[in-house]
Structure formats: C-alpha cells, structure tokens
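Report on one structure; see the data block that follows.
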Number of protein chains: 2
Amino acid sequence: MTTAPKPKYKVIGTRPIRHDGADKVTGRAKYGADIKLSGMLYAAMLRSPHAHANIKKIDTSKAEKLPGVRAVVTSKDIPEQGDRIVELGEGAVNMRHLASNVLAREKVNYRGHAVAAVAADNIHIAEEACKLIEVEYEVLAPVMDVIEAMKPGALVINPDVKDENGKPTNVAKTFCFEKGDVAKGFAAADVVIEKEFRTATVHQGYIEPHNATVHWNNDGKVTVWMSTQGTFSARQQTAELHRIPISDVKVIPMEIGGGFGGKISVYLPPVAAALSKKTGKPVKLVMDRAAVFEATGPTPGSVMKVKIGAKKDGSLVAGEAWVAFEAGGYPGSPIGMGCMCVFACYDIPNAKVDGFDVCVNRPRTNAYRAPGSTQVAFAVESIIDEICEKLKLDPIEFRLKNGSQEGTRRVDGPVFPRIGMKETVQAIKDSDHWRQPLNGKNRGRGVATGFWFNCGLKSAASATVNPDGTVSLLEGSTDIGGSRTAIAMQLAETLGIKAEEVKPSVVDTDSVGYTDVTGGSRVTFATGIAAIEAGKDIINQLKERAAIIWECDAGQVRYEDGSVHGPKGVSLTFKQLADKLHHTGGAVIGRGTSSEATQGGAFGTHAVDVEVDPETGKVTILRYTVAQDAGTAIHPSYVEGQFTGGAVQGIGWALNEEYWYDTNGTMRNSTYLDYRIPTCYDLPKIETIIVEVPDPQHPFGVRGVGEVPIVPPPAAIANAIHQAIGVRMTELPMSPPRVMKAILSK
Amino acid sequence: MTTAPKPKYKVIGTRPIRHDGADKVTGRAKYGADIKLSGMLYAAMLRSPHAHANIKKIDTSKAEKLPGVRAVVTSKDIPEQGDRIVELGEGAVNMRHLASNVLAREKVNYRGHAVAAVAADNIHIAEEACKLIEVEYEVLAPVMDVIEAMKPGALVINPDVKDENGKPTNVAKTFCFEKGDVAKGFAAADVVIEKEFRTATVHQGYIEPHNATVHWNNDGKVTVWMSTQGTFSARQQTAELHRIPISDVKVIPMEIGGGFGGKISVYLPPVAAALSKKTGKPVKLVMDRAAVFEATGPTPGSVMKVKIGAKKDGSLVAGEAWVAFEAGGYPGSPIGMGCMCVFACYDIPNAKVDGFDVCVNRPRTNAYRAPGSTQVAFAVESIIDEICEKLKLDPIEFRLKNGSQEGTRRVDGPVFPRIGMKETVQAIKDSDHWRQPLNGKNRGRGVATGFWFNCGLKSAASATVNPDGTVSLLEGSTDIGGSRTAIAMQLAETLGIKAEEVKPSVVDTDSVGYTDVTGGSRVTFATGIAAIEAGKDIINQLKERAAIIWECDAGQVRYEDGSVHGPKGVSLTFKQLADKLHHTGGAVIGRGTSSEATQGGAFGTHAVDVEVDPETGKVTILRYTVAQDAGTAIHPSYVEGQFTGGAVQGIGWALNEEYWYDTNGTMRNSTYLDYRIPTCYDLPKIETIIVEVPDPQHPFGVRGVGEVPIVPPPAAIANAIHQAIGVRMTELPMSPPRVMKAILSK
C-alpha cells in the first residue's frame, strides 16, 4: 500500500526477482564458513572463563607441542597500538581497546574474552590445544550493572579510561544536549510524568556466526575472506591492528547471514592473520554460537530516567532524559545516538538529555539496528502514552499535534528537512487495523513512533556496458537485505533499461572504490546515488559515441527513455548503441561516488494488539501493523521485508530476549534454545504500510528503511499491555515472569 | 643492453619484482585444474579413433546407465548454428565449424576429434562411461597432406566449403597480394633463387592442458572458470555456441600455464556448459596431454615455393611466393598473416604472394606466436642467405641495404611507420657474438631476420586510489608473460608513483571493460594505453580534489612528478592527497580504454652458431643471440624473457618438433617423451639485445615483443647449418635423420 503519488518510474517501485535469488534459494551462495583453501589450517580460540580478571601469565608451550598444532598466538602477536585513535568511515576507534578486545592483553574484561588462538591441521586438534594453554588469572569481582559501575569507588574496568580530573572511571563518555529552558518548560506543564526504565542486553541474533579465513602471503599481502558489513572497514581495522598498509590487505566479501550492526567490528580477521603470518598458510576461524553471544557486541542494556511535561491542550512543553548505556568491556556504546534520538519524534520546545557510556564486564556492545533508539523510544513513547492517558487524549491525535516536521529542531541541534513523521501516524490512523475495534478480555492496543537518522557516508560504484545491451555493476556494499537489486534498479532507472539488464556484483576491496559499511540504512540511499552517478557517466559517454556514429556534436545528442536521440530524428536504443561500442572507442565504463549526501531521517509508527494471559503473564501479539516513511520505495518487497524483520526483532526484544548472567558474570543462556528469539509460531503476519515522503537529498527520494522498524515495538507493546491489563511495564523484556510480577504488584 | 637513448623514465626500464611473484614461486597461484567446487562433477570426453569418418549413429544409453554417471552430451546438446559468422575481437569465426570442432556433428575430421562427453561423480566413472558409448563410424581415407588435399578429385573434408564455382573443395581460402611488376622485376635480376620448402605441424607446447569448469545456474547464468588467453572471447564463444546472451556468461580467469596462441579458441567450456545445464551442477573438464596434441590447434605445417631475384649490387628486385598452410579439420589457418609477413622484412619493389588455406585431417590449426611468420621466414631468409652466398655479399650488409624502413610499402599494402628492422641488424653486427670468430670443424654461423605486425585491438582498465597512496588496478588481459607488472608500471609512470604502489588484478568479465585476447603482442601496448588513460583520468580528478582543498580553480592545479602543485607554491604528494580523498568527495576511480591505436610492427634479427655432427646429423647450438626492437622496454627482464622463450621455441621447431602421423592419420608421438621440445640440456644461454626504436603510436613507445623472437630461428639455424656442412635444408624440423639424409645426398 502506497500513500503518496509519485513520479512515473519504470523500474523503481517494481518487484523484480533478486539477482542473487537462485544462489540463495539453492544453497549455492557462499558464506564465510564455506571457504576451503588448499593447505588451510583450522583455528580455535581460548576464551576467558572469568568475567573480570588480570592475566598474570600465559604458557602456550604444551599447546605448541601437541602434534598437528602449527601456531599459537596471544596478544603479543598483535602489535602494540599505544593511544592511537583511528578514523573509520563509521566513526573513530581506540586502537588500544580494539586490539585488547581482539586478544586480551593485561586483563580479561568479560567472560568469553579471547585470550589465545591455535591453528592446527584440523579443528579438533586446535580445540584440544586450547585446553593445553595455561593461563594464570587473578580473578576480580565482575561489575555487571550500569548503576553499580557508575558509583564512586566501583572497581574500574579499564584503568586508561579517565574522567576529566584524570581519575580512572567506568564512565567512558558523557553527553549533554539541551535546547530551550527546561525548568521553565516543566513549570508551564499541567501534567508531568517521570519514570525510570531498564532494558536488557540483547543480541542481534544473526544466524551466521562470525568467520574469517586469512592468508598472509609470503610477499606480505594479506587476503581475508569473511562475511562482514563493511569490507573496507574490515580491511582498515585488520591493517591498522597489524600496522601494515591498508592496501596490503584485500577483503573478499562472502555472503552474509545477517549482521544488523553486529558485523562491523572485527574480531577474528586480525587473529587469523597473526596465525597465518606465523604459519605461512591460510587459517580459518569460525565462532560457535556461545562465542557469538559471549564475545561479540550485543546492543547495550540501559537505565533511563525520563520526564516529560505537557499542557492540558496536549502540547508538549518539556522533556528531560538521563540515559546510561552499557558499553561492555571497552568504551563505545551508541549512547551518543541514543541521546540524539530520545526526543527526535516530537517538537518539544524545552529539552535536555544527559547520556553516559558505562563500562561493565559484558561483551563490548555494538550497533544493532537503529543503535540506541529502541531503548530511548521505549522510555519516551511509554511516557507519551501515559500523558495521553492522563489528559484523556487520543495517542494518534497527540502525535499528529506534537510530531516533528520540517523545521523542527532536534535537541542535539539539527533542524529537520522534509520528513514523514506525521504521515506515518496518519497512515496508522487510516489503517484497517486502527479502524477495527479490538474486543475481548485482557486485550489492548498500543501505538508508538520511532526515529532513525539514516546515514549518508561514502560509496562508490562502477559499471561497464556489455555488447548485448546489459550493464555489469560493481559495488562495495555487502548485500544484507537485497541491496544488489535495489542498487541495480536505480542504475536501470537512470539508464532507462530493465532491472534484469543490470548485473550487479559485490566485489572485493581491490575492485571498487572506497565504500563505507552496510549499515545506518545507508546503502540503498548512498550506494544508490553512486550507481546513479555511474549511470550518468555512462550516458555522457554514450552521447559521445552516438555523436561519432552520426558525425555530429555530442551536444546535439540527448538521452531519453533508454535511447540516444540525435539530429534529424535519428535515434538508437541503449541496446543498439551498446552493440556499436566496439567500433566507436571500445568499452564504456561509468563511475560514480557519493560522499556529501546526508539523509533527512526516517520515522515509523506501529500499532499492535495484544492479549495478556493473566495466569502466566504471557503476551500474545494478535495483530501488528508497521507504517514507515520509505521516501521512495525502490523495491517494495524489500522495504516490506525490512519493516517486517525489524518489527519482529523489536518484538523479540520487547517480550523475551535478554542476556541471563549468573553472579559470576557468566551468561547462562548462550544458545538459541535458551535465548528466545521469536519464531513464526509467536507472531501473526506483520502488516506493512509504505509511506512515501521523498527525501529531497536523493535523486529518487530514497530514505533508508532498515533501522526504524525495530524502534517502536517495545513501547507499542508496553502501551498495549497497559491497555489490556492496566499495568505500565518499565523493564525489558516484558517476559511472562516480569508481567506476572507487575500483575501481582497491581 | 640498450642501444638507443630514451626519455628519463622513473619506473619504465626498471625491473621490479612481479606482483604475482610470490604466488607463482610458492605454488599458491591457482590454475584451471586447481578448481574444486562443492557438488562438482568430473567430465571426460570420448574422442574419435579415426582421422576421417562419417558418424552414422551414437548410442549413449549404456553410458547413461552406469551408476555415478549424471549426464552424457553429444553435438545434439549444442544448438544448431547454421551459417552464422560471428565477429570476435581476434577475427571472424564460422559458428558451424566452431560447434562441429567442439563436438563432432555428422563427421569426425581428425583423430581425437571430440564426439561425446560424460559428467560423473568422479573422473574414473566418467572415463569408464566414455568406453560404453557406442559410435558407428563410416571410416574414410584420411587426407593428411596439403598438396594431396589440393588436388582435384581429393576427398573433400568439409562439404560446406566450396570454391568460387560452388564446388566442394579442401581449399578454404586463397589470398593474393601483389605490388609492382613481378615479371619485369625478375627479368632485371642477376641472380634468382627458387626453392620449395616444407615445415611440419608443430604444437605450442604449453605445459598446462586446456581446462574448464562451468556452472550453469538455475537462473540461466553461466560461470566459467578456465585458463584462457581471452576471457571476453571465451565468454562470447561460449554464449554464442549456446545461443544465450553474452552477459549471461561470466568467465573467471585462472592463472594460465602457457598459451602462445593456443588458448584463444574454446574447446571445453561449451561442452562443460552443456553438461552443467543438464545436471544443474558445476562440471570440470580437463584435457590430458594426448588430447592437447591431437585435438587442440597446433601451428600449420606448410608447403611453400619461394623465388627471389637480386641484382649484382645486392639490391633486391623481385619476390614471388606460393604458400599453402594446413588448416586442419576446419578452415582457418593463419595463411593470411603468413602472406602479409612473407616479404615484410625487405623493401622489394616487385612482389607477389599467393596463399592457400587447405583442410586436412589434422586438428584445426591455431595461432602460435607470430602465426604464419615463422614458416615463411624459413623460406625467405634461407633464400636471402643463398643469394648472399651467390653474390658473395655479407648477409648483414645485405639486410642493412635492403631492409624495410619507415616508408617501405608491404606487399599487402600498408606503408611502414617508424620501425627498427635495420637497427636490429646493426645490433647483431655490433654484438660480441658477431665480432667473435667462429672456429672449428662442422661449425657454421647463420643470421636471419623476422617480422610481426603486433596488434592493437581493444583493452580497458580501471583503477582506484587507496587512502594509503597506492592504486588498485583492474585489467582484463590474462597475464601470460608478466603483463600485470608491465601494465602496472605504465600506470605508475603516469602517476609518478612506484611500480610496487600499483596493485594489479586480472579480473573476470563482469568486473572490467571489454578487453580483447592476450595475443598478437598487444597487451603491454594496448592494455598499457588503457592503464595510462586511467592514470590520466585519475590525475584530472586529483587536480579537482586539490582545488577543493586549496579553494582554487582546478585549472590552476598542475600534476607533475607524482604531486599536485597549486597556486603560491602549495603542493601535495600523491600519497598526501590520497589520504584526503575521503573528505573531498570520496573515492577516485580512473578508467581508460584503448581501441584505435595500432602498432607499427616489430623486427628481430638472430645470430646463431651451430656444430653439426656428421656421424648422426645432430645439430648443436653453440651460441645464440637475439636482437629485437622492443620500442621501449617497460620491464627489460620480461622483454628478455620473451626474446629467450621465443627463440627457444623457434629452435625446437627448427630442430626437433613435429607431429608424427602413421598412415591412418594417428599421431604417434603425442606425449612429451616423444614430442621433443628443447630442454635446458639442449641449449646455451640465449643472449639478448634489446633494441629500442620507440613506436610513435604508444605514449611510451612500446612495441609488443612476444611474437617476433620465434620467427628467425629456423632460418638462422638452416643458414648456419649450410655454413657448417654446405647443405641447404628445406624441410623442418632439421632433425638428425633429415640432416643425415641431406649430408648423404650431398
């Protein structure tokens, strides 16, 4: 369902079969674990059994003597990094922390922290050898909770992390954004709601574990095969960690079985590289599920205190948020982004946000779909719902009244360009779902809105015209959600040919211009622009070729509707001209980049009907509708897929998912049997409404769609639960025990 | 040794380590036979035991029933081609003949001709199944000799090949070139020598057999892994034979273990494709050595009648040549090129050439290093030597007097631009070799000159700048002789960076613009131009980026010596600027093509000292020197490598190599034990002199060097043998039995 009229596109908005479809459905697509190279060694890692400990000594001698073991590496095999901060496309990284996270140096900061790795003739020997490595630990008390970690006198996890007075601290970073006069704002409010919220540590839950196969060649050139969200980022992190030139590393992207933000940081390639350097052979390293849970970056658990004030007429006057995110074992949670998102859905004249990035003895957190936004939306959208309740206002009308729009200034400064926040609310209001009454006992309906910036960053593409009138497209964005086709469609639209006539390839770091990570909902937007630019470059050259054929000036040739048109009515279709390139100068290669464009941000509003079992506290989702602004939906099926997938992940986060730690800081549910992600048995079909308010920053109006749909679910479900049984849930997940507890305390 | 002064280059003329060196010397480089894919099937071929037969019936039913057999294909599985002629970059091809050569249709035209193929779970089952295929042949008399084949009434091999009267014939093509008045020329001659020469069928002798692994995917997309001299040509031939769009085929080039012209035609990919289409699995097909000899294209054996006249003063006045080449089982010998080369070394005012492409029951011939030129040089250079003998002229002085030079018109029309024929003669004259007297019994010294056009054709390249100041280069020319480095050096020279700072990759047909075959000594020339153009494209963009940084106009920026220079003395090195690209517009991608440039042609003059054993007829090479015009030697080691390798192949052709057929048309020496290519035991170190007369058609003056060095050896050795023992050899190879026979007949 599309809500806005749009320009007449021929390819955009259609639903061609994805170019990689046959490979994906037949199982022929190659993922990282499918790699097998001649002479390849298999590696295993020794991981810390303690959540917090000093490493006194590592003795690898017994492991090295085990027959079949080819090399053992520890942190000594990764060069010292000092205090270097390296700029990656997706942000700066502290190399000391990155190196220590990859292989622990003086300390282990979380259970599962990598301590050593072994390469051997087979995986069994490698695993056996890991058991022979003797590590002398001085076990420390684990610091698991954000509030505890922030207390003065708390055991400090990273001694090099210091406060403004130079005193070691667990609070790695503090943010403060403010606009207007918050005190004055609250003074003018008729109703003020203030609450504390907590969300659990939650994993992205991708199916494919992290993997890397690395060959450090005799000439110093390093090849990495891996599934990653960013080949160029992985290249840079691997090269910087080993202190070798970037261009000595080539990253070959394998297909990726899910990432959601979790496959941006590198864990394995630098370790496999160290093993390969020592052995001269390719080394393959694949995580098991427990390692994925325990040692890769989940999204931070959080503690949030949020206070919002409104007038009786329903106008928001002030907001205040105190937000502390788990950083994990090293600094770097998406707290800054959380702070920027917290009030972004509303035009609040007076607002203040304080944010804290807090080290705890959990895995170093990482991006997960709209990083930081889901947490803060849970708090803010719950309070908004309560304000509506108090003021007896319709939550839809409230949002239509107070929602952000073009010209609204965010608490962190920027002013929104054209956005579609209210249009998504209106779409829910107009939806069949919203119009149908919800009957039945213990049932409730909730609504919530979510925001994500959407990144621009840098992309490149190049494309060559084939003599049969097709175009081969090279791109550097690894394809997680169908972006091969979404990018190809934009090139096809530009050239006036069919989507099927563009043949896209995701290629290695030597074969395409620098391209930032697949993340931040940026690929269809920015790599799309690069492909459009490559298309324009092709068109310019085609005009010149036609001018040669027609013996006229290139200025006399125009390109329209997939054909060149010359003087006196002569014309050639793209296909006809493609066939003549051999004799007019050879190959036509188009190139394009995107680097300056930024996105206007995207919004989604979700409606959910739930039924709560008062006997068990189990929440059943009865109906779920996502309305989100896609700007322009390039391939509506993929847009719907993102809406659906994001909503489902948000539902899992809302109802079931959490890291269960025991008192020693050991995760007790690090398998998919115990860590409950939703399955099709838990869910109705997610209904989707594609709202299209074109982003003026993109030639076709694209807005990234991947992040936003995970943001509203926890809040929407919490609001629905309240309507169903009259309790306000303030802690995620809203699992049966927690809901039962809330029912009982009521 | 370099004879001419040259411009001051920084990279060109140096000898950096080849970029693929480590992979090659450690055995890590992947050749076609190294491919192993999951679910891959292994294929074997049934080949004809007869040199000439009609196929009455093929029964594959027993083979199909053998457990483990997955598919059997015959010519029925390759679509009918009709009378289509398809233009490949390297020339036109008759699709009916190509298809029939790939899998015999109504007839087998040579022993070893492919008849059927089997794909099975392993190669043993596939080979076993081939034996179960029942073919009913009507055996015909083999037509093995060119002269016999040309006779009226000879059994016609290809009924569709007809003469001008529409009568079936074995003479597939006739050429006639003429300039001046030949009769008048001969009338003015004081000495006329006329002789008949024969050369044997000779194989290129590459080490790596042909191979192809093909996967015909469920979506109709076909991927081919193979070692080939031309990925785009292989793509086109495979696609055209299967009547599918070119862009549905992707050819991934594996490393190539020698080609020399023999790995341009396709043999296996269309067959493996048919098997993969039937089975849905990747299918691997690798030839054994016997198949390589019996069923891939050797260079044609020839019969030549050549007559040359000169005046007493040593000036050439007339030449006449009648040249018949074996085409093999289907038309298409390089007879045209032979006719163009025959008199190309000399400025002969009156000349005429008749050429004939003659079908015989031998494998369809193919290109082999300077196709056609070695044969005719053997004839012409032998006669020139005899003229010098008769006129008591020094053969060096004779060549300096009569040699072609700028302005000389070839018998086939074109007028030479600047060339270095006489410079190579002078280089031999000035060489230590020529100046040292040759003493000893049965010893002789010979000299001969050779020519090859050198092709231009089409190439493309693209290149991206890395943030660390290196450049990744993509090219489509498969690398047989070090061209990765030779092309990278030209890009490096253009950009003013080091050869090691360019990282070249030979990529698949989807990843680079259309590029013609690696052959005709064109790669360093034409792909070099494409890389230079890509470099210029990069420079233009770098100027724009510097202008952004310096806030000036791009026109105010100049690029010099690896740096951008702006107003008021500001400058940035390539490396410094590369580091700033992220913030000035993202990736810089350069693209370049070459399509119009043609080469001026290249010449080489060889001197050889031999000793003939009068008891056995064995000829021992005592000393051998190659002087050849390389235009500008990009990487002198590779130039010397081509000189040496070509000379060695020419020596093998001269002394030992030949296809030995029995009366049934069966080759009796189809192994490297019996087909004698020279080894290091047979040869002295080949001395090389790089002459540099820059080709004005190339920015750096490059002339291709791969072909010419094979041309002079047979003639030079024949001339040396004559000086040693006084006999004129007129048949190749000049093997001990033939030399003994000549000695005895004297």
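Below, chain A is the first sequence line, B the second, and so on; all start at residue 1. What you see below is based on every heavy atom in this structure, not just the backbone, and it leaves out hydrogens, waters and symmetry mates.
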Could you tell me which residues satisfy side-chain contact (heavy atoms from CB on, under 4.5 Å) with Ser505(A), sequence neighbours excluded, listed by chain and number? Leu474(A), Val507(A), Asp510(B)
Residue from Ile17(B), Thr509(B), Asp537(B), Thr584(B) scoring the most non-hydrogen pairs under 4.5 Å with chain A is Asp537(B)
Taking C-beta and beyond as the side chain, do Asp23(A) and Asn217(B) meet within less than 4.5 Å on heavy atoms? yes
Interface residue of largest heavy-atom contact number with chain A, from Ser247(B), Ala22(B), Ser472(B), under 4.5 Å: Ser247(B)
Chain A contacts, top residue of Lys30(B), Gln236(B), His582(B), Lys458(B) (heavy-atom pairs, under 4.5 Å): His582(B)
Side chains of Asn466(B) and Arg235(A) in contact at under 4.5 Å (non-hydrogen atoms): yes
Closest non-hydrogen atoms of Ile589(A) and Ala460(B), given as atom of the first, atom of the second and distance, are CD1-CB, 4.0 Å
Is the side chain of Thr464(A) donor-acceptor paired with the backbone N or O of Gly513(B) at a distance under 3.5 Å, no angle test? no
Measure distances from Ala578(A) to the heavy atoms of chain B and classify the residue's part below 4.5 Å as side chain, backbone, both or neither. neither
Which pairs count as salt bridge (Lys or Arg N to Asp or Glu O under 4.0 Å) when at least one residue sits in residues 241-253 of chain A, sequence neighbours excluded? Lys221(A)-Asp248(A)
Who wins among Pro282(B), Gly592(B), Ala530(B) for the most heavy-atom pairs under 4.5 Å with chain A? Pro282(B)
Taking every non-hydrogen atom, the tightest pair across Asp468(A) and Pro245(B): OD2-CB, 3.4 Å
Minimum side-chain heavy-atom gap Gln541(A)-Arg591(B) below 4.5 Å: yes
